[in-house]
2 protein chains.
Amino acid sequence: MIQSPDTRTQILDIAEHLLQLRGFNAFSYQDIANELGIRKASLHYHFPSKADLGAALAERHANRALAALQSVDELNLTVWQQLDAFFKPFIELANSCELMCVGGVMASEYSTLPPPMQNRMKEFFAIIHTWLTRVLTQGRASGQLYFGAEPTIKADTIIATLEGSILIAKTRQNADFIDPLIQDIKASLGG
Amino acid sequence: MIQSPDTRTQILDIAEHLLQLRGFNAFSYQDIANELGIRKASLHYHFPSKADLGAALAERHANRALAALQSVDELNLTVWQQLDAFFKPFIELANSCELMCVGGVMASEYSTLPPPMQNRMKEFFAIIHTWLTRVLTQGRASGQLYFGAEPTIKADTIIATLEGSILIAKTRQNADFIDPLIQDIKASLGG
DNA sequence: GTCTATAGCGGGATAGAC
DNA sequence: GTCTATCCCGCTATAGAC
C-alpha cells in the first residue's frame, strides 16, 4: 500500500530536483512552494533556514549512497556487475543532459555552501571512493581486473571521469558519447 | 613597459576570478566594485547588464583557449609535450583546491545562464575537444600514442577526467592525487 | 567615466492568527 | 501545519549631477 510521502519528504524531493537542475544558490523557497502548492512561509516550519534544508539534502544523499552501495554488496555480483551498478546513476544523469550529480553540484558551489553541507558532501565522496577502491582492489587481486595504477588513484580517475561526463553532456546537450566512454573506462580496467 | 590594464579589463579579470571561486550566480556587481575600488553603479557603464558581463567573460575565455592552443601548434612540440601543455591549466586549477575551470563552472550552472553565455561556453568545449581529437588522431597515426577507443571518445574521456579532477580536489581540499591521476591518463595513451 | 541616489524586485526569515 | 502579512536585506539596474 502506497501512502503519499510526508510533507518534509516532498520538500526534500522537490528541492533535490531543483538542486540538480539549477544548483543550491539558484533555487528559492518560493520555487519549492510553487511546486508543492503551499506558501513559502510554511516551508520554514519544516526547515527553519535554507542552510538546514541544504544540510538535510546533503545528508540524505550521503546516506542513500551508502545504503545503495551496501545493497550492491549483498547481491553477490561479479566485479563487472558491481561496476555497472556503480556507473548506472552517473550514466542516467549524463543521459538527462540537464541534471547534475548532487555531489558534483555541491562540489562546484563548495565555497558558497553552509559548512554542514560541505561536510556531508565530503562524506558522500569519501563513501563512493572507499567503496570503489575496495572493489577495484578485490577485482585485481582475483584476476578479474587488470590495471596499472594504484586502486585509490584508479578510483579517483573513474569518479572524476563520471562526474566530468555529466558536465560534458550538458555542454553538448547530447549524450551519445556516454556509452562508448563507459566502454573506454572498462577497457582501462581490462574489460 | 607595463601599463595598468584599462578598467574594462580589470573588471573582467576580477569577475573571472569571482566566477571561478563562487560561480556566476553567487557574485555581484558589489563584489567587483569592492575589489576594484569604484562604485557598483559605475560598472554598468562598462557592462550594462550582468548578462553582458557574463557573455564577455565566456567569449574571452573561448578566444583565449583558441589562441593558446594555436600557440601550442606553432611550437613544433612532440605529441607528449602538446598533451602536457593541454593538461597544464587543468592541473593548476586542481592544485588550487578552490578554483573551478571557467568552462566547467558555466556548464554546472548551465540552465541558469543567459543564452549568449551558454553558447560561448559550448564554443569553448568544442574548441578544446576539436584540438585534442586532432592531436590524439595524429599521435596515434604517427605511432607515438597507443589507445583503443575512437579519438573523439578518448578526447571526451580525457576532458571529462580533467574537469572532474578539479571537482574532486575541491571535495577533498587536497590535490595529492592529481599527479598520479595524470600519469594514469598518460598510461591510457600508451605513455 | 565615475559619482550619489533611488527604484523595483525577489530573496530568506519571523510574528501571529487560524 | 499552514496561512497572511510584513520585515529587512542585497541584488540588478537606471537617472541625472559632476
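Worth saying up front: this structure is predicted, and the values here are computed from it rather than measured. Chain letters run A, B, ... following the sequence lines, proteins first and then strands; every chain starts at 1.
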Colleague: Round to the nearest Å and state the distance from Phe47(B) atom CZ to dA13(D) atom P.
Modeller: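 These atoms are roughly 13 Å apart.
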Colleague: Check the distance between dT6(D)'s P and Lys40(A)'s NZ and give it to me in whole angstrom.
Modeller: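 Between P of dT6(D) and NZ of Lys40(A): 14 Å.
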Colleague: When the distance from CG of Leu36(A) to C1' of dC3(D) is rounded to whole Å, what number comes out?
Modeller: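 About 14 Å, once rounded to whole Å.
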Colleague: May I have the distance from Arg39(A) (atom CZ) to dC3(D) (atom P), rounded to whole angstrom?
Modeller: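 Whole-Å distance recorded here is 7 Å.
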Colleague: When the distance from CZ of Arg22(B) to P of dC11(D) is rounded to whole Å, what number comes out?
Modeller: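 Nearest whole value for this atom pair: 9 Å.
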Colleague: Does NZ or CZ of Arg172(A) lie under 6.0 Å from the centre of the six-membered ring of Phe177(A), at an angle within 45° of the ring axis?
Modeller: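 Yes; both conditions hold, so Arg172(A) lies above the ring face of Phe177(A).
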Colleague: Tell me, do Val72(B) and Trp131(B) make a side-chain contact under 4.5 Å, heavy atoms counted?
Modeller: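 Counting from C-beta outward, Val72(B) and Trp131(B) do come under 4.5 Å.
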Colleague: Please pick, from dT12(D), dG11(C), dT2(D), the nucleotide with the shortest atom-to-atom distance to any side-chain atom of Ser28(A).
Modeller: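 Minimum distance to the Ser28(A) side chain belongs to dG11(C).
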Colleague: Expressed in angstrom and rounded to an integer, what is the separation of Asp6(B) atom CG from dT2(C) atom C1'?
Modeller: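 After rounding, the reported distance stands at 15 Å.
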Colleague: To the nearest Å, how far apart are Leu43(A) CG and dA13(C) C1'?
Modeller: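 Distance check: Leu43(A) CG to dA13(C) C1' gives 12 Å.
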Colleague: Please check the phosphate of dG12(C) (OP1 and OP2 only) for any side-chain N or O of Ser49(A) closer than 4.0 Å.
Modeller: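 False: Ser49(A) side-chain N/O out of range (4.0 Å or more) of dG12(C) OP1/OP2.
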Colleague: Tell me whether the OP1 or OP2 atom of dT4(C) has a side-chain N or O from Ser42(B) closer than 4.0 Å.
Modeller: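 For dT4(C), OP1/OP2 do not have a side-chain N/O of Ser42(B) under 4.0 Å.
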Colleague: Would you mind classifying the nucleic acid contact of Phe27(A) as base, sugar-phosphate or nothing, using non-hydrogen atoms under 4.0 angstrom?
Modeller: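 Since only primed, P, OP1 and OP2 atoms lie under 4.0 Å of Phe27(A), the category is sugar-phosphate.
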Colleague: Just wondering, are more than 12 heavy atoms of other shown residues or ligands nearer than 6.0 Å to CD in Glu16(B)?
Modeller: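 For Glu16(B), atom CD is crowded (more than 12 foreign heavy atoms under 6.0 Å).
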Colleague: Between His44(B) and dA15(D), is there a contact of a side-chain N or O with OP1 or OP2 at under 4.0 Å?
Modeller: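 Checking dA15(D) against His44(B), no side-chain N or O comes under 4.0 Å of OP1 or OP2.
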Colleague: Less than 4.0 angstrom between a side-chain N/O of Tyr45(B) and OP1 or OP2 of dG1(C), yes or no?
Modeller: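 Checking dG1(C) against Tyr45(B), a side-chain N or O does come within under 4.0 Å of OP1 or OP2.
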Colleague: Arg120(A): what forms a side chain to side chain donor-acceptor pair (under 3.5 Å) with it, not counting sequence neighbours?
Modeller: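 Once residues adjacent in sequence are excluded, the partners of Arg120(A) under the side chain to side chain donor-acceptor pair (under 3.5 Å) criterion are Glu123(A).
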Colleague: Could Arg140(A) and Phe147(A) be counted as a cation-pi pair, given that NZ or CZ must be under 6.0 Å from the ring centre and within 45° of the axis?
Modeller: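 The answer is yes; both the distance and angle limits are met.
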Colleague: Between Asp31(A) and Ala41(A), which has a closest nucleotide on DNA chain C that is more 5'?
Modeller: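 Nearest nucleotide further toward 5': that of Asp31(A).
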Colleague: Which part of the nucleic acid, if any, lies within contact of Tyr29(B), taking any heavy atom under 4.0 Å across all strands shown: a base, the sugar-phosphate backbone alone, or nothing?
Modeller: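 Sugar-phosphate, no base atom in range.
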Colleague: Please give, in whole Å, the distance from dG12(C) P to Gln30(A) CD?
Modeller: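 From Gln30(A) CD to dG12(C) P: 9 Å.
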